[in-house]
Amino acid sequence: MNRPVILCAGGDTRYIYTGQELCSLGKVYTYGLGEYSDETVSLKNLDDMPQKADLLVLPIMSSETLDIKTAFGNSVSSKAFSPYLNKNSLVVGGRLSVCVVEYFSSLGHDVKDYFTREELVIRNCVPTAEGALQIALQELAITVSGSKTVIIGYGRVAKACAKLFSAVGSQVYAAARNTAQLAQARNDGCSTFGISELQTRIADFDIIINTVPSLVLTRQILHNVSKDSIVIDLASKPGGTDFEAAKELNVKAVHALALPGKTAPITSGKLIAEAIKNIYTERRETDVFTRH
């Protein structure tokens with residue numbers, strides 16, 4: 001079986017390790033990541049690439065545009081990579097914008113979002129939770145052990161946070177609208193209450209973790225947050241916190257985006273690579289099945 005040619009384009013530190021891990025799949029070229037590995041070939045210019053790629057790896061996208069960020073702080077349009085792809089190539093990326101999907105699909109490429117893969121989303125919760133704990137340890141003037149934590153929402157990331165913060169000795173509460181989520185939280189050992197009670201109960205907590213991607217920590221609620229507490233918002237942009245109000249009210253609030261890439265880049269990069277390998281393998285198996 002021919003080994004694919006892979007082009008890893010841009011991204012943060014975790015994509016260095018994604019590229020290294022993908023070397024077991026094929027020949028890996030990188031652009032916009034610098035020279036960090038003897039296993040991959042770092043390109044200073046795309047024209048230096050000696051062969052076209054069968055697989056293009058884009059990083060997690062941070063906007064609704066075609067632009068991707070490189071490790072050097074600048075942005076490059078995804079369109080720049082299309083001349084260096086073979087026909088019917090596989091293009092993968094994280095949280096791909098509609099315009100990226102439409103652009104590469106219009107060129108006949110197969111476009112997949114690895115951040116819709118359950119195996120990645122589930123396993124990525126652990127480094128996210130560990131990153132939240134690291135922020136709490138750095139920002140609080142008290143120990144996490146013996147503290148009181150409220151986690152807003154109770155999806156995958158919230159469950160990982162509840163397990164970790166409870167394990168280090170924090171008294172964990174879950175606040176959610178969904179009664180099934182509250183029931184699950186109680187089964188997991190959390191105390192629970194409805195989101196509608198946040199305003200009257202928020203002052204009780206040292207650590208406030210939001211996982212809901214819509215505004216829940218309003219100015220009115222933040223007004224009751226203790227000035228010694230920390231708000232850690234793990235929700236994707238724009239988050240669930242009124243950050244402008246938090247600043248005006250002198251409430252310490254951190255929008256903690258892309259924590260796996262910051263706190264555990266090796267693990268995170270390997271998890272992304274595993275998801276990409278699974279996507280590539282499934283595509284090959286589908287092609288073989290179709291031909292027969």
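Quick note: numbers below take in every heavy atom, side chains included, and nothing from hydrogens, waters or symmetry partners. What you see is a predicted model; the values in this text were computed from it and never measured.
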Q: Are Ile16 and Thr40 side-chain neighbours, meaning at least one heavy-atom pair lies under 4.5 Å?
A: no
Q: Looking at His255 and Ala235, what are the two nearest heavy atoms and their distance?
A: NE2-O, 2.8 Å
Q: What's the spacing between Lys227 NZ and Asn250 CG if we round to 0.5 Å?
A: 6.5 Å
Q: Count the heavy atoms of every other residue, nucleotide or ligand shown that sit under 6.0 Å from NZ of Lys159, and state whether that count exceeds 12.
A: yes
Q: Is it the case that atom NZ in Lys87 sees more than 12 heavy atoms from other parts of the structure closer than 6.0 Å?
A: no
Q: In a check of side chain to side chain contact (heavy atoms under 4.5 Å, CB included) between Ser75 and each of Asp67, Thr65, Thr70, which one passes?
A: Asp67
Q: Would you find more than 12 non-hydrogen atoms of other residues, nucleotides or ligands less than 6.0 Å from Lys148 atom NZ?
A: yes
Q: Do Asp54 and Tyr280 have side-chain heavy atoms sitting under 4.5 Å apart?
A: no
Q: Do Leu249 and Leu198 land in one hydrophobic cluster if side-chain heavy atoms of ILVMFWY residues count as linked below 4.5 Å?
A: yes
Q: For Val172, does its backbone N or O pair with a side-chain atom of Thr149 as donor and acceptor, under 3.5 Å?
A: no
Q: Quick one: does Thr18's side chain have a donor or acceptor within less than 3.5 Å of a partner on Ile272's backbone?
A: no
Q: Do Val157 and Tyr114 land in one hydrophobic cluster if side-chain heavy atoms of ILVMFWY residues count as linked below 4.5 Å?
A: no
Q: Which heavy-atom pair separates Val225 from Ser229 by the least distance, and what is that distance?
A: CG1-CB, 4.0 Å
Q: So Leu96 and Val111, do their side chains get closer than 4.5 Å, heavy atoms only?
A: yes
Q: A side-chain contact here means heavy atoms from C-beta on lying under 4.5 Å apart; do Ile207 and Val150 qualify?
A: no
Q: Measuring from atom CG of Asp204 to atom CG of Asp206, what distance do you get when rounded to the nearest 0.5 angstrom?
A: 9.5 Å
Q: Counting neighbours of NZ on Lys277 that are heavy atoms of other residues, nucleotides or ligands and sit closer than 6.0 Å, is the number greater than 12?
A: yes
Q: Could you measure the distance from the NZ atom of Lys262 to the OG1 atom of Thr128? Nearest 0.5 Å is fine.
A: 11.0 Å
Q: Could you check if a side-chain atom of Val57 sits within less than 4.5 angstrom of a side-chain atom of Leu22, using non-hydrogen atoms only?
A: yes
Q: In sequence, state the C-alpha distance, the side-chain angles, and the governing distance for Phe104 and Leu56, and then conclude on side-chain contact (heavy atoms from CB on, under 4.5 Å).
A: CA-CA 10 Å; Phe104 284 104; Leu56 172 64; 3.8 Å; yes
Q: Using only atom types and a distance under 3.5 Å, with no angle test, would you say the side chain of Ser105 pairs donor to acceptor with the backbone of Val101?
A: yes
Q: Can you confirm whether more than 12 heavy atoms, excluding those of Gln138, are under 6.0 Å from its CD atom?
A: yes
Q: Could you walk me through whether Tyr84 and Gln51 satisfy the side chain to side chain donor-acceptor pair (under 3.5 Å) test, starting with their C-alpha distance in whole Å, then the side-chain angles of each, then the deciding distance to 0.1 Å, before giving a yes or no?
A: CA-CA 8 Å; Tyr84 305 93; Gln51 53 193 144; over 6 Å; no
Q: Among Leu222, Val212, Val251, which residue meets the side chain to side chain contact (heavy atoms under 4.5 Å, CB included) test with Leu217?
A: Leu222
Q: Quick one: does Ser89's side chain have a donor or acceptor within less than 3.5 Å of a partner on Ala53's backbone?
A: yes
Q: State, with a plain yes or no, whether a side-chain heavy atom of Val5 is found less than 4.5 Å away from one of Lys52.
A: no
Q: Counting distance only, does the side-chain N/O of Thr143 pair as donor-acceptor with the main-chain N or O of Ser145 below 3.5 Å?
A: yes
Q: Check step by step if side-chain contact (heavy atoms from CB on, under 4.5 Å) holds for Val28 and Cys8.
A: CA-CA 7 Å; Val28 178; Cys8 294; 4.0 Å; yes
Q: Enter the distance from Ile232:CD1 to Leu133:CG here, rounded to the nearest 0.5 Å.
A: 8.0 Å
Q: Could you please spell out the steps behind the salt bridge (Lys or Arg N to Asp or Glu O under 4.0 Å) verdict for Asp188 and Lys163?
A: CA-CA 8 Å; Asp188 293 342; Lys163 182 177 181 180; over 6 Å; no
Q: Is the shortest side-chain heavy-atom distance between Pro260 and Thr267 below 4.5 Å?
A: no
Q: Looking only at atom types and distance, does a side-chain atom of Asn45 sit under 3.5 Å from a main-chain N or O of Asp48, one as donor and one as acceptor?
A: no
Q: Does Gln220 CD have over 12 foreign heavy atoms under 6.0 Å away?
A: no
Q: Check for a donor-acceptor pair, side chain of Arg14 on one end and backbone N or O of Pro265 on the other, with a separation under 3.5 Å.
A: no
Q: Given the rule in the side-chain contact (heavy atoms from CB on, under 4.5 Å) test, do Ile208 and Ile202 qualify, once you have shown the distances and angles that lead to the verdict?
A: CA-CA 8 Å; Ile208 301 157; Ile202 200 78; 3.8 Å; yes
Q: Go through it in stages, so that I can follow the logic: the residues are Glu282 and Arg117, the test is salt bridge (Lys or Arg N to Asp or Glu O under 4.0 Å), and I'd like the CA-CA distance, side-chain angles, deciding distance and then a yes or no.
A: CA-CA 12 Å; Glu282 289 169 8; Arg117 301 284 299 195; 2.8 Å; yes
Q: I'd like to know if the side chain of Asp233 and the backbone of Gly240 have a donor-acceptor N/O pair within less than 3.5 Å.
A: yes
Q: Under a 4.5 Å cut-off applied to non-hydrogen side-chain atoms, are Gln20 and Lys270 in contact?
A: no
Q: At their closest point, which heavy atom of Leu120 faces which heavy atom of Ala275, and how far apart are they?
A: CB-CB, 4.1 Å
Q: Does a side-chain N-to-carboxylate-O contact under 4.0 Å join Glu248 and Arg219?
A: yes
Q: In terms of hydrophobic clustering (I, L, V, M, F, W, Y; side-chain heavy atoms under 4.5 Å; direct or indirect links), are Tyr173 and Ile195 co-clustered?
A: yes
Q: Specify the closest pair of heavy atoms between Thr13 and Tyr17, including all atoms of both residues, with the distance to one decimal.
A: O-CD1, 3.5 Å
Q: Say you draw a straight line from CD1 of Ile151 to CG of Leu234; how long is it, rounded to the nearest 0.5 Å?
A: 9.0 Å
Q: Ignoring hydrogens and angles, tell me if any N or O in the side chain of Tyr103 forms a donor-acceptor pair with the backbone of Val98 under 3.5 Å.
A: no
Q: May I ask you to say whether Arg95 pairs ionically with Asp113, meaning some side-chain N is under 4.0 Å from a carboxylate O?
A: no
Q: Minimum heavy-atom separation for Val121 to Phe115, with atom names?
A: CG2-O, 3.3 Å
Q: Taking all atoms of both residues into account, what is the closest heavy-atom pair of Pro59 and Gly11, and its distance?
A: CB-CA, 3.6 Å
Q: Taking Arg3 for its side chain and Cys23 for its backbone only, find out whether a donor-acceptor pair lies under 3.5 Å.
A: yes
Q: List the steps and the verdict of side-chain contact (heavy atoms from CB on, under 4.5 Å) for Val144 and Phe165.
A: CA-CA 8 Å; Val144 174; Phe165 277 73; 4.1 Å; yes
Q: What is the distance from atom OG1 of Thr30 to atom CG of Leu43, rounded to the nearest 0.5 Å?
A: 6.0 Å
